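Order of the sequence lines sets the chain letters (A, B, ...), proteins ahead of strands, with each chain counted from 1. All values derive from a computational prediction rather than experimental measurement.
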Protein chains: 2
Amino acid sequence: MTSKGKIYSRDPGAMRCLSCHLNSLCLSADLPLEEMAQVSDIVRPAVTLGKREVLRSQGAAFDSLFIVRTGSLKQVVVTDSDEYLVTAFYLPAELIGLDAIAQCVFPGTFVALETTTVCEIPFDLLDQLCDLSTVVRRRCQQCLSHEIFDERLKLHLLLCRTAEVRLACFFEAVSERFRLRGYSPHHFRLALSRSDIASYLGLTPETVGRVLVSYQRQSLLIAHGSEYRILDLEGLKSLAAANGRRHRHREA
Amino acid sequence: MTSKGKIYSRDPGAMRCLSCHLNSLCLSADLPLEEMAQVSDIVRPAVTLGKREVLRSQGAAFDSLFIVRTGSLKQVVVTDSDEYLVTAFYLPAELIGLDAIAQCVFPGTFVALETTTVCEIPFDLLDQLCDLSTVVRRRCQQCLSHEIFDERLKLHLLLCRTAEVRLACFFEAVSERFRLRGYSPHHFRLALSRSDIASYLGLTPETVGRVLVSYQRQSLLIAHGSEYRILDLEGLKSLAAANGRRHRHREA
DNA sequence: CGACCCATTGAGAGCATTCAACGCGTGTGG
DNA sequence: CCACACGCGTTGAATGCTCTCAATGGGTCG
């Protein structure tokens with residue numbers, strides 16, 4: 001398709017990644033300088049999205065991966081039976097579009113939850129880069145594999161959990177994601193609505209609300225709109241770990 | 001580590017893949033002859049496992065991917081809170097170990113559900129092959145990406161489903177997996193126990209049993225031990241699609 | 001300022017779990 | 001070869017969690 005030659009000419013905007021505050025978390029994390037420069041070169045300048053603006057629609061041809069710089073997005077899948085399902089959400093430095101590679105089509109719609117900027121990485125260029133650099137290829141592989149395991153285990157755990165435990169797991173994970181990105185793990189704004197959280201966890205908005213109230217009564221966390229303040233992270237963690245329910249299996 | 005040269009010398013056992021009955025489904029599917037030969041060369045002769053025998057244990061160093069030739073296996077994860085969770089199972093031609101790549105450790109124990117044979121693909125060799133062949137690399141990428149999306153959507157769907165619908169989804173998916181592999185989609189043996197199925201779906205064995213009885217009363221499917229006969233696949237599918245429950249969202 | 005969406009609260013119903021008991025088949029050890 | 005233990009599958013009754021439905025108030029957008 002596209003000509004294969006010379007995909008990285010050192011242009012003025014290059015080395016963008018090096019100076020980016022997310023540098024250490026991104027796709028380019030831990031890459032040697034040379035490779036990081038190569039990745040830098042194929043990254044398009046950041047795009048800004050307004051709240052509720054769509055980055056890519058479900059079914060659109062897969063052209064690029066994206067990395068969140070600021071703000072956040074959710075992935076919404078509309079199923080055959082016209083259900084509206086929030087299947088993922090993305091915070092700064094997180095990679096969008098990995099699930100589109102196989103089918104060459106975006107499996108869901110990506111919607112900005114607030115004013116958001118994203119870097120675009122054209123996939124055909126990244127693909128060429130993978131051919132040239134083993135390090136980059138491995139890094140991509142790692143990102144892919146990491147998501148598989150992460151998702152699988154978490155979702156399987158949630159399947160047999162009560163609402164109270166599901167939310168504890170959710171906030172524990174979110175808090176950790178913020179912490180890794182250098183934000184406070186105890187106090188953050190999460191632009192997902194209660195309905196979004198409910199959809200993501202397979203609950204109803206009412207139940208989510210009720211559990212939040214019960215958390216507040218237990219002095220675990222306080223929710224004010226989209227502001228969340230975790231008072232007792234350890235308490236939340238033990239709630240999340242407490243195998244919230246049933247199933248007394250033994251080893252194989 | 002290992003020397004990079006000449007990883008594919010045409011040895012007598014080569015072209016194994018070409019003559020394998022699973023050829024068209026496997027990792028090697030759709031590869032040009034030359035690449036298929038290369039993959040063939042790094043595949044180790046099939047290993048046989050007895051029932052309940054462990055292929056790799058949770059936490060073991062990641063060394064190889066495996067492909068099921070005959071039989072089946074389950075992946076069991078023991079969580080921090082000592083829960084025993086069935087997170088995946090594998091039928092012939094399916095790829096084991098993709099979720100181990102990121103952490104370089106197997107995230108769960110792989111147990112044979114019956115007498116089973118698997119092909120082993122040493123990962124360091126496959127990795128080298130990816131460096132040499134774009135086609136192989138893309139194919140690996142595809143396998144990885146496919147799992148992400150598949151799992152995510154299915155599990156999120158299950159989260160807000162009743163037991164009746166969860167099992168319908170389960171059998172629809174299993175039937176399809178058998179069909180793709182050339183077996184009857186209507187009649188198959190599934191070596192997973194009721195407890196395994198329950199764990200996989202986040203239910204209790206009792207509930208699984210009760211739903212199976214209700215299916216039988218509705219003439220949807222008949223279960224005799226590990227033999228399953230689907231009488232009304234369409235009925236099962238519509239049950240699975242019927243958004244088994246709640247949540248009336250609108251588009252974004 | 002009105003429409004609409006989101007969040008919250010309450011009451012009732014339904015579904016799945018829990019707990020308990022039983023029959024069956026298999027594998028083990030005497 | 002047989003007895004027994006054990007895991008698996010099944011069934012029943014009761015509890016409890018979460019959904020459903022409904023109504024209200026607050027915030028936002030047009």
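Between A/L190 atom CG and C/dA7 atom P there is a gap of 11 Å when expressed in whole angstrom units. Between the P atom of D/dC17 and the CD atom of A/E206 lies a distance of 18 Å, rounded to the nearest Å. At whole-Å resolution of the value, NE2 in B/H224 and C1' in C/dG25 are 15 Å apart. In this structure, the CG atom of A/L159 is 14 Å from the C1' atom of C/dA16, given to the nearest Å. Atom C1' of nucleotide D/dG9 and atom CD of B/Q216 are separated by 13 Å, given to the nearest angstrom. Nucleotide D/dT18 holds its C1' atom 16 Å from the CG atom of A/L158, rounded to whole Å. Nucleotide C/dC15 holds its C1' atom 14 Å from the CG atom of B/L167, rounded to whole Å. One can place CZ of B/R166 at 11 Å from C1' of C/dC15, the figure rounded to the nearest angstrom.
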Inset, instruction - Decide side-chain contact (heavy atoms from CB on, under 4.5 Å) for B/V208 and B/L167; before the verdict, give the C-alpha distance in whole Å, the side-chain angles of both, and the deciding distance to 0.1 Å. - result: CA-CA 8 Å; B/V208 171; B/L167 271 160; 4.2 Å; yes
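Of the candidate nucleotides D/dC21, D/dT11, C/dT17, C/dT17 has the atom lying nearest to any side-chain atom of B/L203. Distance from the side chain of B/R194 is smallest to D/dG9 among C/dA7, C/dA16, D/dG9. Checking D/dC17, C/dA11, D/dA13 against the side-chain heavy atoms of A/R210 singles out C/dA11 as nearest. The side chain of A/T204 has D/dT20 as its nearest neighbour among D/dT20, C/dA16, D/dT11. Checked against C/dA16, C/dA7, D/dT20, the side chain of B/T162 finds its nearest nucleotide in C/dA16.
Across all strands shown, B/T207 has heavy atoms under 4.0 Å from base atoms, whether or not it also approaches the sugar-phosphate. No engagement by A/V208 is indicated, since no non-hydrogen atom pair under 4.0 Å with the nucleic acid exists.
A donor atom on one side chain and an acceptor atom on the other are not found under 3.5 Å apart for B/Q75 and B/T109.
Once rounded to the nearest 0.5 Å, the distance linking CG of B/L220 with OG of B/S214 reads 7.5 Å.
When atom types are taken as modelled, the side chain of A/R194 and the backbone of A/G225 share a donor-acceptor pair closer than 3.5 angstrom.
Note on ring orientation: taking the six-membered ring where Trp is involved, the planes of B/F188 and B/F178 are parallel (angle under 30°, cut-offs 30° and 60°).
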